[in-house]
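Convention: sequence-line order gives letters A, B, ...; per-chain numbering from 1. Excluded from the calculations below are hydrogen atoms, water molecules and symmetry mates; all remaining heavy atoms, backbone and side chain alike, are included.
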Amino acid sequence: MRKLWLLLLATVTAFVLAACSDKGDGSSKDEVSEYRTVYSGEIKTLNYLKTAEANEFAMSANLIDGLIEYDQYGIVQPSLAEEWSANEDNTVWTFKLREGVKWVTHEGEEYADVVAQDFVEGLNYVLDAKNESSTAWIATVVKNGDAFYNGEITDFAEVGVKALDDYTLEYTMENPTPYFLSMLNYVCFFPVNGEFLAEKGDTFGTTKETTLYNGAFILDKFESQNERVLVKNESYWDKDNVYIDRIRYKYNKEALTVAPELFLRGEIDSAEIPTSVVDEWFNDEEKKSQLRQIRNNFYTYFYALNFNPQFDEEYEPQNWKVAVNNKNFRKSLYHALDRVSAMLTTEPFEPESLLNNTITPKNFVDVDGVDYTQLAPLADISNTDSFNSDLALEFKEKAMAELDGKATFPVKMVIPYNSGSPDWANRTQVVEQQLENLLGADYIDLIVEAGPSTGFLSEIRHPGKYALLEANWGPDYADPASYTDPFTEGGTYNKPELAEGYTDANGKSKYQNLVDAAKAEMDPAKRYELFAQAEAFLIEEAFVIPYAVGGTGYIASKLNPFEAQYSPFGVTLEKFKGQRLLEEPMSNEEFKEALAAWEQERTEALANAGE
Amino acid sequence: MLWYIGKRLLQSVLTLFIIITIVFSLLRLMPEEGYLGAAAEKMTPEQQEIILTNLGLRDPLLVQLGNFYMDLFKGELGTSVTYRTDVPVTTIISEKIMYSLLFGLGAVVMSLVIGVPLGILMAHMKGRWLDRLGTGYIVFVVAVPAAVYYIFIQMYVTDLFNLPLLFDEYNKMSWILPLTSMALAPTASYAMWMRRYMVDELNKDYIKLARAKGVKERTLMFRHVMRNAFIPMAQYLPATILFTITGSIYIESLYSIPGMGGLLVDAIQRQDNSVVQGLVLIFSSLGIIGLFLGDLAMALVDPRIKLGKGGSTR
Amino acid sequence: MSSKEVLLEVKGLNVTFGKGKSKFEAIRDVSFEIYKGETFGLVGESGSGKTTIGRSIMRINEVTGGEILFRGRPINGNIPKEWDREITQKIQMIFQDPMASLNERAKVDYVISEGLLNTKKFGNDAERMEKVRNALLEVGLLPEFASRFPHEFSGGQRQRIGIARALVMEPEFIIADEPISALDVSIRAQVLNLLSNLQKQNNLTYLFIAHDLSIVRFITDRTAVIYEGEIVELAPTEKLFSNPIHPYTRALISAVPEPNPYKERAKKVEIYNPAQHNYEKDRPSFVEIEDGHFVHANKEEISRYRTMYKIGV
Amino acid sequence: MGIYSEEISNISQKSNDNLFDFAIVDEKKAEQTGYSNYSYWRSTWQSFLKNRIAVFLLVVVGLIIAFVIIQPYLPYQKSPTEIYIDETTGSQARNIAPGSEFWFGTNSIGQDLWSRIWTGTRTSLFIGFVVAFAEVIVGISVGALWGFSRKLETPITQLYNIVENIPTTIVLILMSFILRPSISTIIIAMCITGWVEMARFIRNQIVILRDREYNLASKCLGTPSYRIILKNLLPYLISVIMLRMSLAIPFAIGAEVFLTYIGLGLPISEPSLGNLINEGRVLMMSPDLRYQLIFPSVVLSIITIAFYIIGNAFADAADPKNHV
């Protein structure tokens, strides 16, 4: 009896195991260029008209093409639009579309041609509030976009987008928009086949079957928390420039932990190397040659001094308010922050390479080859390190003298971090210790507080429950105006408009007026200079302390980052088109050489493009 | 008997109803930022409001609850919002449930096959080295948090036997570690139960009598001791099996197994209420079914208990 | 038995356990009176309901019908708090199993003064201690024992602690529920004597529940025989033993072993068969067949008994 | 026959009249023989002392507890949160292997692992004790009412069925989400589910005990229910309560590890064993850095195993059946 039982159990086990493993080896990689990686951030949809998440951008970037793209130096290139023009005041943009571009199904079968109407359909979907698009706020740049979204207008024909014929598309702007082209790489301006969309209804973009593709890749497999496979689109209009045949994303919740090991075992082709293990890689000759820095991105990080403190009474927000309205106090913090030591927690080897002295990072926009950050009022700031302990102590003395009797010392400063990010936590601890050591515990008292990992913004930043906070911002379009949003009125950051003593005659803050003036200027050279002035003012007055650019850390990857399309906007950086798999991963030395060469080439290319 | 089952079923449905209602309301306490995702940062408050309204989050709680039950009545669990936008929850769960089932069943079978004989042997060799070794193992597995030894297993055993780090459904070798890790704890508890009940049983007078009568040790073990020792186990078995099937969050995330445990954590972190609700429904139903089956099994195995007299509490 | 003052009166008592199908009538229409100062015995086999009656009086079991009067006042159902406290104090119980009826995790001191603590019948702690001392002395235990735990005592000592626990409340009425059946034979007499002495000293009234007829005969003044929840016969003890009427009582008494082996061997044991009664048409009632001697019987049986046993003629 | 006859003659030679005197029964002395100096707790303790391993572990736990309390005041201790700077390079003393300066090495931003581990142990033990204590308090109160009050039985049973069937994971995760990450959050989250098992356990025990005769005796004496629970029932449960409590501590520590693992634990500026292990876990694939995972894991395992064994040994010892 008992033996029978055991036998039965054993059979079941064997059967179960056999059943699971009988499917055979699915992966054969002879002669195909396959790129494999692990991921932990899951994508929730393929519906590019709806999403606004980086992981999903990475999908749509490779599956769907928009009107334009960039080359590896960040210069606009034709994609689905072959040529375009704008009217005098940049309010009407007309695009001539490429002919013969196909929509294909997930099996690679041709479904329809891509026509101008598809772009209209796409925008219509995005601006229809009931579709809950997360990128609609960008699309409202077109005329009546906002009104349609809010339901004030119900006829979409009144919205500023028209298909003049099958291959001519015209956008009308709400306001003059010289940088409109840079917005076109956002998913909200991507096309969609209206017929297909109508047919799929709510299920559009939920699975690989309910999505149409016109990009470099087609989705071959899409299983949440398991695997995604992209294969090259054989009907792609520019398929000669697609060198990777297959991209496999394997899910791992612990991707960060195991990816380096998987990379070493040759199971994947790219792995981010967490800071905590970078030492070990650098100390190992063999591993060292496979490791390189990650390329900087355009996220900019800064420490914001809060002018609207709403943190708990026990930390004396009123006292902080008095202190923060003193320029010398702010300047003492500005010069006291040793950004290198903070950066060491994430980039222990070349911390300086990530530091950023301005809000707008370099390589963002330029005036005839001169980078925005090198424009007159900003150049000084860009070229000197803000950290200066002598100056800091000098300002401290002044501040203590001026604030004597008005504020109580040490000034309590709540400095929260997101408990979901260990790096942030570490950095905050370093900053606390460094500032207190330098300026003295008699002057400031930093209180490190763990914020919630979800709802951090709505819990901490939006209600102003901080004195000093590390914050970041990413640009939306190719114009310095994109970096002013956090600090202008209505921004949800540190409310510099509440700073005392900076209100101009018209009742607006000085910074606001500077920005408004810059926005009104249409000539790029003057416009950028005005923006540079505004930004210099913001930093000069130490409303914020610029810290770094995004893209921290190291990676072991068989991709050459300098082959990739380059642009801060939209989904461009996520495209695999144009990239090749290297035999061996790039080492950091190679990376730096390549970076230097690239910067050189870029300057030339920009100058050429300017002509 | 039928009346008893009917009563228990009704009671279970009511319990389930309350559980779901509570979880439903709890989920509404989560910060709303989660529904908006990364884009929240750049949307105007009005735009955020429109999206939240469209998601039905601005309806009164009762209306939301009503809608949920209406759907449930139709056999639908709604569609996912932030996990897989617009995909029916049933589809999502059905993709995952197979993995959890396979691993859960595999682990249970493995732990029964190893744990029960281990417990019997330990009882048989009470006080000797095998018993001590087994006790050491049980103490270790029960006392040390699973997360800790799971990590160590993954860390060292993959190197030692050159096993894959991650689960890959096509690679047989990749099943070994997750299954073994998952089976460790239930093996320990089966062995522990088996040993305890066997020892209790062996100390009883009738066994001494049987021994004195010269009944063969073998017959004694299998006929008398084991059968009686199984009775208390029968009650807990269904519950533990179901518990194992509902998946191990650790194992699933450590080895990238696309099962329900990982889904649950993900869905909660992404605030996908409908998915969480669906999972709670499944987990709670399984839990209640487990209780019910346990009582039933107990009644079937133990001749002393008859169904019909009052509900039994565990 | 000198005075005929009724201390406790049970009238038409009904106790039912369970509901619906599993309903079980433990006590059916039981009535009796206990006079002040007497020892009233309640005999019957196990499961006959004698303990249930005791517990109903103690108000542990809920009464489904009838009433129980103490000094003419009802004690079950909704009663005033004041009265409730008074009877809690006046009526005490001695339990069958001294091993089970003492709280093993409390010191004797607490066990005995538990009731005092509830009724607050002491001025200060010293007074309470004094009462505990006295109670211990009264039952023949050393006062020092107060600081010990029950498991340090033998069965007989423990039962004496149980008695002390009742005595310290200064009760008028004590229900002794088979107080010696769990004890070693050698100390039974000791406890019984103690109970008798206490009765005399403190002018107590006992309801003595037992299944052992010889003990009942030894200690009780009047005895009721209970069978399956009904009293079948009630009489002064001597009368009951000398002239049992109900066939169940007769069977019971005939089963008592004789010390004399010759007599024992010659004795004819009667066997009670409940089917012998013919209660279909002629309903039985509790009839006083002679002065103070009640029998549960119907008319036909009464007349038969009268002739058979030549009483009440 | 031969052997016995000698015996018999021996006896008869030794016997004298005195042997046949009546012994006088001294009642008082007889009473005194009934007395033994048995004390429940002393016997429990003595019985516990027989379990060598448990005693050893008790000493270990005692030492650990004492050590985590006095550790910050000992000489040569470093701060658990200070980031140490390497003198030679001027940058943070990161990932330094265990040595004479940093006994357990440093972590990836240059904090001293030795002091972090003991601070973390302090935090984790604190959480463990508070949770265990709260569980016991709530568990006993609810369990006692549940077992003792017939009126409350049905509603509490219903409540139990509900709480029991909401997956604990969900409650833990939800609570940590709704509340801010902090020690009190973790404690609250764990207590919300933790008391349930305890309550059920107490209830079952009380159901077994409540109809014992000595409770009837108390009722007859008019003892109010609360005192019956307090004086008659709970003292009987003390051993099992201690067992549950000593098991609740490792479980609470384990739950903290779990919460940290899924990203809802304590912030790392507040070291605990959970987040130390979690920090170390990231490094598990780098053999040189594994010490950052191994040290906290070892400390945690020692503590949990010790509590587990002590708890079991104590429960065995507290069972009067084992008092010989």
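Residues of residues 51-58 of chain C having a heavy atom under 4.5 Å from any heavy atom of chain D, listed by number: C/R55, C/M58.
More than 12 heavy-atom neighbours from other residues, nucleotides or ligands sit within 6.0 angstrom of CZ on C/R71. Heavy-atom neighbours of C/E62 CD from other residues, nucleotides or ligands within 6.0 Å: at or below the threshold of 12. Surrounding CD of C/Q201 are more than 12 heavy atoms belonging to other residues, nucleotides or ligands, all under 6.0 Å away. By the 6.0 Å contact criterion, CZ on D/F126 is open, its count of non-hydrogen atoms from other residues, nucleotides or ligands being 12 or less. More than 12 heavy atoms of other residues, nucleotides or ligands shown are found within 6.0 angstrom of CE on C/M99. Enclosure of atom CD1 in C/I79 by more than 12 non-hydrogen atoms of other residues, nucleotides or ligands within 6.0 angstrom is indicated. Remark: D/F133 CZ is loosely packed, at most 12 non-hydrogen atoms of other residues, nucleotides or ligands lying under 6.0 Å away.
Between C/N103 and D/Y214 the shortest side-chain heavy-atom distance falls below 4.5 Å. Looking at heavy atoms from C-beta onward, D/L216 lies out of side-chain contact with C/M93 at the 4.5 angstrom threshold. With contacts defined as side-chain heavy-atom distances shorter than 4.5 Å, the pair D/Y236/C/E104 qualifies. Using a 4.5 Å cut-off on side-chain heavy atoms (C-beta onward), D/C220 and C/F95 make contact.
Residue C/Q89 does not touch chain D at all, counting heavy-atom pairs closer than 4.5 Å. In this structure, the portions of C/L117 lying under 4.5 Å from any heavy atom of chain D include both its backbone and its side chain. When heavy atoms are compared at a cutoff of 4.5 Å, C/I60 approaches chain D solely by way of its side chain, counted from C-beta outward.
Side-chain atoms of C/D97 never come within 3.5 Å of backbone atoms of D/E213 as a donor-acceptor pair (strictly under, hydrogens ignored). Without hydrogens or angle criteria, C/N118 side chain to D/L221 main chain gives a donor-acceptor distance under 3.5 Å.
Nearest approach of D/A217 to C/S101, heavy atoms of both residues: CB-O, 3.9 Å.
Chosen from D/K219, D/R212, D/K231, the residue pairing most often with chain C at heavy-atom distances under 4.5 Å is D/K231.
At a cut-off of 3.5 Å, with distance as the only test, no side-chain donor of D/N232 or C/R105 sits close to an acceptor on the other residue.
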